[in-house]
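Just so it is clear: chains get the letters A, B, ... in the order the sequence lines come, proteins before strands, and each one is counted from 1.
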2 protein chains.
Amino acid sequence: MTAPPQLALSAQLCLPLYAAARGITRRYAELLAEVGLTYPQYVTMLALWDADGPLTVGEIGARLHLDSGTLTPVLKRLESAGHVARHRDAADERRVLVEPTAEGTRLRDRVADVPEQAWRGTGLRVEDAVELRRLLDQLLVGLDASA
Amino acid sequence: MTAPPQLALSAQLCLPLYAAARGITRRYAELLAEVGLTYPQYVTMLALWDADGPLTVGEIGARLHLDSGTLTPVLKRLESAGHVARHRDAADERRVLVEPTAEGTRLRDRVADVPEQAWRGTGLRVEDAVELRRLLDQLLVGLDASA
DNA sequence: ACCAATCATATTGTGCACAATCTATTTGTG
DNA sequence: CACAAATAGATTGTGCACAATATGATTGGT
């Protein structure tokens, strides 16, 4: 037999990971569409809401594992929608500081129920969610360490 | 305090899932670039290699959780690269049957080591990989069931 | 046999991801 | 201080994802 067994679909871990990520983010996206946000725009706002003050593009990228090639257009769209403000850091003109506008801050309450609604119906139990989170964090550390 | 605690970045499960999926598929993509495949093209070939005969676009989509909007251009690129052949099903002209060419079949041996190389260095232990796979399969079932 | 509903795939348009590259600024070293 | 190296972000080009829609084939009910 010539088929490499490690290439069987059933042997893959990457494919379920890829499919599950798309499946749950699609669910988030459906709910977020009501406030006009995409999933990447939403997680960008999460990072900004979480922070005490403005974040640089690089700091947002570190939290979301995204680079400026992805973030710059996302931030431009958030800016033109009135959700964030961007300006060069006077102390270091290479940097761009990003922070939510008042309107962007108000958006937070309107999406407060999105995670619960997105996960409802998946049947994932709380203890399984905790275990899944632990394994994913471990994987992310491993990926970063050997990048 | 007005911040909804369920929106804290640290409380999210979706974001690590999204980031981990991009992280590992990016690693696959780097290795696959040597044979000229992208990750979606690779998993499409996995589905075809796994099958006994030709698969319809819909059957590939069911295995990969992708629709024709994504698969049609992927299949066109695989076809023009000489990896697959496509033709309408004579028994039902709505369907398109896809199968690897001889050259597409040969590609299988050249990517046999990609999964092992991609996961090497992530530090994920085998038993953790098994548990992760179980949780992701469970999540995929839940997502499909409540689609 | 008709024909409305359904089904399979393709097409269109928007928005990511990401590698590669570019530009402008800052930093480190002599 | 000069200036090469490093850094931050923006730009460019390719290829997904996916919703919405279009096209054409098939099926089921009368």
Side-chain angles (χ1 to χ4, degrees), chain A residues 15 18-34 36-45 54-62 64-81 86-98 143 147, chain B residues 15 18-34 36-45 54-62 64-81 86-98 143 147:
Chain A
L15 180 60
Y18 163 73
R22 285 184 293 109
I24 190 65
T25 55
R26 184 164 54 246
R27 216 171 250 248
Y28 270 74
E30 289 165 6
L31 298 165
L32 292 167
E34 294 180 33
L37 288 179
T38 65
Y39 183 76
Q41 288 167 13
Y42 162 75
V43 290
T44 301
M45 294 307 298
L55 292 180
T56 66
V57 173
E59 286 166 344
I60 298 169
L64 308 182
H65 301 264
L66 291 171
D67 65 10
S68 74
T70 301
L71 280 174
T72 296
V74 169
L75 290 169
K76 283 184 177 175
R77 282 185 275 269
L78 286 172
E79 185 178 39
S80 63
R86 296 193 306 156
H87 50 80
R88 289 272 163 191
D89 184 350
D92 184 343
E93 292 280 345
R94 290 173 303 181
R95 296 181 184 166
V96 168
L97 294 171
V98 185
L143 285 167
Chain B
L15 179 59
Y18 163 73
R22 285 184 294 108
I24 191 65
T25 55
R26 184 163 55 245
R27 219 170 247 249
Y28 269 75
E30 290 165 6
L31 298 165
L32 293 167
E34 295 180 32
L37 288 179
T38 65
Y39 184 76
Q41 289 167 12
Y42 162 74
V43 290
T44 301
M45 293 308 298
L55 292 179
T56 66
V57 173
E59 286 166 343
I60 298 169
L64 307 181
H65 300 263
L66 291 171
D67 66 10
S68 74
T70 299
L71 281 175
T72 295
V74 169
L75 290 169
K76 282 184 178 177
R77 282 186 276 268
L78 285 173
E79 184 178 40
S80 62
R86 296 193 305 155
H87 50 80
R88 288 273 162 192
D89 183 351
D92 184 343
E93 292 280 346
R94 290 173 304 182
R95 295 181 186 168
V96 168
L97 294 171
V98 185
L143 286 167

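- Taking each heavy atom of A/Y18 and B/A21 in turn, the nearest pair found is CA-CB, 4.2 Å.
- Toward the 5′ end of DNA chain D lies the nearest nucleotide of A/L71, the other residue of the pair A/L71 and B/H65 mapping further downstream.
- For the pair A/Y18 and D/dA17, the criterion of a side-chain N or O lying under 4.0 Å from OP1 or OP2 is met.
- The heavy-atom pair separating B/P54 from B/E59 by the smallest distance is O-OE1, 4.3 Å.
- Closest-nucleotide positions on DNA chain D for A/E30 and B/Y39 were compared, and the one nearer the 5' end corresponds to B/Y39.
- Residue contacts for A/S68: at a heavy-atom cut-off of 4.0 Å it reaches a base atom on one of the strands shown.
- Side-chain contact check for A/Y39 versus B/L15: some heavy-atom pair is nearer than 4.5 Å.
- Within a heavy-atom distance below 4.0 Å of DNA chain C, no residue of residues 19-28 of chain A is found.
- Residue B/G58 is classed as a sugar-phosphate contact, given heavy-atom separations below 4.0 Å to backbone atoms only.
- Atom CG in B/D67 sits about 13 Å away from atom P in C/dA8, given to the nearest Å.
- Regarding B/E34, its CD atom lies at a distance of 15 Å from the P atom of C/dA19, rounded to whole Å.
- The phosphate of D/dC16 has OP1 or OP2 within less than 4.0 Å of a side-chain N or O from B/R77.
- Following rounding to the nearest Å, B/L32 (CG) and D/dG15 (P) show an atom-to-atom distance of 15 Å.
- Note on A/K76: a side-chain N or O is less than 4.0 Å away from OP1 or OP2 of D/dT11.
- One can place CG of A/L66 at 10 Å from C1' of C/dC18, the figure rounded to the nearest angstrom.
- For C/dA10, the OP1/OP2 oxygens have a side-chain nitrogen or oxygen of B/T72 closer than 4.0 Å.
- In this entry the distance linking CG of B/L55 with C1' of C/dA8 reads 15 Å, nearest Å.
- Contact record, A/Y42 with A/L37: CA-CD1, 4.2 Å, taken as the closest heavy-atom pair.
- At D/dT26, none of the side-chain N or O atoms of B/R95 fall inside 4.0 Å of OP1 or OP2 (strictly under the cut-off).
- At whole-Å resolution of the value, CD in B/E59 and P in C/dC7 are 16 Å apart.
- Here B/T38 lies in heavy-atom contact (under 4.0 Å) with sugar-phosphate atoms only.
- A side-chain donor-acceptor contact under 3.5 Å links B/R88 to the backbone of B/R94.
- The shortest distance between the side-chain N/O atoms of B/R86 and the OP1/OP2 oxygens of C/dA8 is not below 4.0 Å.
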Under 3.5 Å, which N/O atoms of the protein pair with N/O atoms of nucleotides 21-29 of chain C?
residue : atom : partner : partner atom : Å
C/dT26  : OP1  : A/E93   : N            : 3.0

